[in-house]
Structures are given as structure tokens and as C-alpha cells.
Amino acid sequence: MRFVTIWKQSIPSSSQKCKHPEESENNFLEGFPSRYWLPAFFFPQAFLAAVLQDYGRSRGISVDALTFTHHVISDTTDKDEKFSVFMPKKLNIVRRAFKGSGSSHTGVYIFGLFIEGARWNREQKILEDSLPLEMCCDFPDIYFLPTKISTETPNASNQTDSECYTFECPVYQTPERSRILATTGLPTNFLTSVYLSTKKPPSHWITMQVALLCEKNEK
């Protein structure tokens, strides 16, 4: 309902009527958004858990036997960037959330995250070192696909130097990572982990303290 309110408040006045009324009506997609702005949630962990629960109930699988497989959508082009100058930030977020068909009801598409300490190479679809003077930058959309946990353990001896590694990148709600829970040993603002492809060993990114953030440090 909040999305609906923001959208309706941003409708042009009568002096700025569109030439095609049918197009203005179809700009807003009713129902669930095709993509979700994760930083908008007060408790994102509950949202991700609900996605697994919904999938588990539809397939008859226990939630404890499910996890997420992550796919970074690197081939998307931000065609709505030209609207950012003319439209408020909230309206741009609504347009991005409801843009697309959203025909797939398995899993969720997440956007609005930032990556700190590294950058994502959209052409090669791998994690790379940050550019000079760029410690935090936008990250592409991520497809969270519920997947049944495999009991098979991968054989590390089969991996060669030419193959990509997989880095378990943590996702934090805020840039602060100092507060640690004694029960879990994890920061209180830790949300989940996203597995990213990289040509460098995971130890490199751990040393660089690479992480995905719901909000970046503006200081």
C-alpha cells in the first residue's frame, strides 16, 4: 500500500497530461513487485525466511533443508537512469521495483545493495578489486533462488587454477560490523551471505573486508 500511495502522489497534474492515457495506467503493475528493495525492510531476515517458507510449503520440503542459490543479474542495463533527474528518489525506486513482467514466482529478485572493498565486473561476471578512490559502489540485482541443500560435498581437488572460486560474501544492514552476538558469533546487523564468483581465492576478499551493504557510509 505504501508503494501505491507514493505512486499516486507522483502522478502528473492535469496540465501535464500524457498523450496516451493507456500507457500511464499500465506503468504501475498491481500486485507483488517484480523486484524487492531489500534496504526498505525493517527486518530483512524475516523476509528472506518467508521466501524459503513459501517455497518449502509449495514443494513439501522442510525449511531446514533449504538454502538460497544466488545469481547476479549482470546483463541488465539501467535504462531508467535518465528519469532520476526529473523524478524523486522514492518514485525511481517504485518504478524499478515494478519494472518487468515478474512472471517467475520462484524466489525473489533483490536490488538496492552496495558492495564495499570490491566491485562487480558486469562483463566477466566476477568479483574484482575496487577502482582507485572507489571503496563503495552499487551492486547489480541478485536473484535469490530457493534450493534444496545438497548432501554431497564438493571435491576441492577437481578445481584448477583456471576455474573461478566462490566467495561467501556477507550482507550487512549497516556498515557497522563491530557488535558481535555471543550466541551466534555474528554481528547483530548480519543478514545473510551471497556466494559470488571470483578468480582470486576467498582469503583475498576476507583480507579486504569485502561485504554487501544495505546502506553505505556517507561520511
Side-chain angles (χ1 to χ4, degrees), residues 1-4 6-7 26-59 61 63 66-84 87-116 118-127 136-149 166-173 189-198 210-216:
M1 294 302 295
R2 180 59 178 170
F3 282 144
V4 177
I6 296 174
W7 186 267
N26 295 330
N27 282 338
F28 177 74
L29 300 179
E30 295 182 354
F32 293 101
S34 56
R35 294 181 287 182
Y36 291 86
W37 185 35
L38 192 65
F41 290 93
F42 177 77
F43 192 50
Q45 298 94 323
F47 169 72
L48 297 176
V51 175
L52 292 179
Q53 290 177 352
D54 182 70
Y55 179 84
R57 290 173 181 173
S58 62
R59 304 299 174 91
I61 305 175
V63 179
L66 293 175
T67 186
F68 281 115
T69 300
H70 309 98
H71 302 279
V72 181
I73 313 300
S74 303
D75 56 347
T76 57
T77 55
D78 298 331
K79 297 181 180 179
D80 287 346
E81 287 295 328
K82 58 183 179 180
F83 296 105
S84 60
M87 296 184 180
K89 181 179 179 181
K90 290 183 179 180
L91 180 57
N92 278 320
I93 293 173
V94 173
R95 287 179 61 90
R96 188 173 179 182
F98 284 91
K99 179 184 176 182
S101 59
S103 57
S104 176
H105 297 284
T106 305
V108 290
Y109 289 86
I110 297 299
F111 74 96
L113 296 179
F114 305 92
I115 186 166
E116 185 178 50
R119 67 183 180 93
W120 182 256
N121 189 318
R122 294 175 181 265
E123 290 75 21
Q124 299 184 16
K125 300 181 180 180
I126 58 172
L127 195 65
C136 190
C137 56
D138 296 339
F139 198 80
D141 299 355
I142 307 175
Y143 180 34
F144 280 65
L145 176 64
T147 308
K148 190 173 182 179
I149 298 175
T166 300
F167 170 58
E168 185 178 352
C169 183
V171 183
Y172 297 101
Q173 198 163 6
N189 59 348
F190 175 79
L191 302 182
T192 183
S193 295
V194 173
Y195 295 90
L196 304 176
S197 299
T198 174
V210 175
L212 288 170
L213 309 174
C214 288
E215 61 181 64
K216 58 182 177 180

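The chain is numbered in sequence order, starting from 1.
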Hey, does Ile73 have a side-chain heavy atom less than 4.5 Å from the side chain of Pro140?
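A side-chain contact under 4.5 Å is absent here.
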
Side-chain contact, heavy-atom cut-off 4.5 Å: Tyr143 with Thr106?
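Sidechains of Thr106 and Tyr143: in contact.
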
Using side chain to side chain contact (heavy atoms under 4.5 Å, CB included) as the criterion, point out the one residue from Leu191, Asn189, Leu212, Thr192 that pairs with Tyr172.
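Considering Leu191, Asn189, Leu212, Thr192, a side chain to side chain contact (heavy atoms under 4.5 Å, CB included) with Tyr172 is found only for Asn189.
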
Asp141, Leu213, Val194, Ile142 screened by side chain to side chain contact (heavy atoms under 4.5 Å, CB included) with Leu113, the one that passes
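Output: one option passes, namely Ile142.
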
Which pair of non-hydrogen atoms, one from [X] and one from [Y], has the smallest distance, and what is that distance?
X	Y	answer
Phe111	Pro39	O-CD, 3.8 Å
Phe47	Val108	CZ-CG1, 4.1 Å
Leu127	Trp120	N-CZ3, 3.6 Å
Tyr195	His70	N-ND1, 3.4 Å
Ser197	Lys125	CB-O, 4.0 Å
Phe41	Tyr36	CZ-CD2, 4.1 Å

With rounding to the nearest 0.5 angstrom, report the [atom1] to [atom2] distance, [X] to [Y].
X	Y	atom1	atom2	result
Thr147	Leu66	OG1	CG	8.0 Å
Gln173	Leu38	CD	CG	8.0 Å
Cys137	Arg119	SG	CZ	8.0 Å

Going through the checks in order, is the side chain to side chain contact (heavy atoms under 4.5 Å, CB included) test met by Leu196 and Phe139?
CA-CA 12 Å; Leu196 304 176; Phe139 198 80; 3.9 Å; yes

For Asp138, check side-chain hydrogen bond (donor to acceptor under 3.5 Å, both in side chains) against everything at least two apart and list the hits.
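Scan of Asp138 (side-chain hydrogen bond (donor to acceptor under 3.5 Å, both in side chains), adjacent residues dropped) gives none.
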
Leu48 vs Phe68, side chain to side chain contact (heavy atoms under 4.5 Å, CB included): CA-CA, chis, key distance, verdict:
CA-CA 9 Å; Leu48 297 176; Phe68 281 115; 4.1 Å; yes

Just by distance, do the side chain of Glu215 and the backbone of Phe114 share a donor-acceptor pair under 3.5 Å?
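No, Glu215 side chain to Phe114 backbone: no donor-acceptor pair under 3.5 Å.
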
